[in-house]
J.: 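Below is a structure I'd like to ask you about.
Every number for a ligand or one of its atoms is a count from 1 in the order of the listing.
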Amino acid sequence: MIPFLQLTPGEDGPAVRSAIDRVTERGWFVLGPELEAFETEFARATAAPRAVGVGTGTDAIAIALRCLGIGPGDEVITAPLSAAYSALAIMMVGARPVFADIDGKRLTMDPAAAAAAVTARTAAILPVHLYGQSADMPAIMEIATRHNLAVVEDCCQAHLATCGGRSVGSFGAAAAYSFYPTKNLGALGDGGALTLKDDDLAARAKRLRNGGQTDRYHHAEFGVNSRLDEMQAAILRARLEYLPAWTDRRRALARTYRSALAGVSCLWVPPELDPGHVYHLFPVLSERRDAVRAALQAAGIESLIHYPVPIPRQPALAAEQPQQCEVADRVCGQVFSLPLYPSMPGDAVERVTRSLQMA
Ligand SMILES: *Cc1c(COP(=O)(O)O)cnc(C)c1O
């Protein structure tokens, strides 16, 4: 069997266990010293001035939008190919998601489609750095500047990724990260963080995640209850130390896949358009997706589809007016992801590619 990923702690096991023990013995479980230390360390790792830990990546997006004053009546341009949570977070703040189709090579928001989607109501752009590769941020920032729009980067799949040598999350006013267990930096449960450039916005994000409280039991504004707890913060601090090495390992596995898959005719491998790619996933496209995945499964190799349905085609978004996304429609019909995780042995990549050559 080659699993799609490996979630149980490996080389980080002792560090994770000692983090759990430390928090248990301290007896301080919410909004304490681990969270504060993690926020400092995570901000440094992502080259952001400030980080604020929250309950999930979805909440990180929603709180970032709220901090920037985005809400009912506003439109936010985002990508149709992503985890649906990107768009659900926009809807959580009462704004309307507007989908700009993806670029067929990069598989992230097409800047020309984003420019064409701007209306008088557009307040922000939410690009998604999908699969670990950045969206085309210079082009997206140019549109945002021209129309005076806020930019919130969805970095939930792109911890430590760069775009043109510059850290993702450093382009817009705010960025959102998820620490869902499968992400490149994962907790043993749910977790998220937003990073912000502005100190006042960071202070507001800290209020909003804690019910809008200014002082204990004094709620100055409507907030949510979404805090990164001490146990997860301590575990993430331990794992953050491993993240650069794990990222290198993901890149090495991706290089092996790329050279081995170069001659496999049933597949199209999306090109690496930026060396700052962190390979959260390794997606490939095939017109014979079902048959190829069945061949892998018969060989004991797991694969998953990211994502089978463009977000605007989800029934949950039926109330939004239908929006065109032809490229995303095609990609969703062909894309699937091959196993890739830091502890994956190199010979497993060879076994996967051999099975694909015969599929
Ligand atoms: C995982 C993910 C989210 C949501 O994060 P949660 O922590 O699960 O709420 C949002 N956007 C993208 C691109 C993701 O991959």
J.: Return yes if some donor-acceptor pair links the side-chain N/O of Arg249 with the main-chain N/O of Met344 below 3.5 Å, else return no.
T.: yes
J.: Please check if the side chain of Arg251 supplies one atom and the backbone of His277 the other of a donor-acceptor pair under 3.5 Å.
T.: yes
J.: Just wondering, more than 12 heavy atoms not from Glu36 lying within 6.0 Å of its CD?
T.: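 No - once you tally the heavy atoms of other residues, nucleotides and ligands closer than 6.0 Å, there are 12 at most.
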J.: Apply side-chain contact (heavy atoms from CB on, under 4.5 Å) to the pair His306 and Val335, showing each step before the final yes or no.
T.: CA-CA 7 Å; His306 300 96; Val335 75; 5.8 Å; no
J.: Are any protein N/O atoms closer than 3.5 Å to the N/O atoms of ligand 1? If there are, list each pair with names and the distance to one decimal place.
T.:
{"residue": "ligand 1", "atom": "5 (O)", "partner": "Ser178", "partner atom": "OG", "Å": "3.3"}
{"residue": "ligand 1", "atom": "7 (O)", "partner": "Gly57", "partner atom": "N", "Å": "2.8"}
{"residue": "ligand 1", "atom": "7 (O)", "partner": "Ser178", "partner atom": "OG", "Å": "2.6"}
{"residue": "ligand 1", "atom": "9 (O)", "partner": "Gly57", "partner atom": "N", "Å": "3.3"}
{"residue": "ligand 1", "atom": "9 (O)", "partner": "Thr58", "partner atom": "N", "Å": "2.9"}
{"residue": "ligand 1", "atom": "9 (O)", "partner": "Thr58", "partner atom": "OG1", "Å": "2.5"}
{"residue": "ligand 1", "atom": "11 (N)", "partner": "Ser86", "partner atom": "OG", "Å": "3.4"}
{"residue": "ligand 1", "atom": "11 (N)", "partner": "Asp154", "partner atom": "OD1", "Å": "3.4"}
{"residue": "ligand 1", "atom": "11 (N)", "partner": "Asp154", "partner atom": "OD2", "Å": "2.8"}
{"residue": "ligand 1", "atom": "15 (O)", "partner": "Gln157", "partner atom": "NE2", "Å": "2.8"}
{"residue": "ligand 1", "atom": "15 (O)", "partner": "Lys183", "partner atom": "NZ", "Å": "2.5"}

J.: Atom CZ of residue position Arg121 - does it have more than 12 heavy atoms of other residues, nucleotides or ligands inside 6.0 Å?
T.: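 Result for CZ/Arg121: open.
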J.: Would you please indicate yes or no on a ring centroid separation below 6.0 angstrom for Phe179 and Phe42?
T.: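 Here the rings of Phe179 and Phe42 have centres that are less than 6.0 Å from each other.
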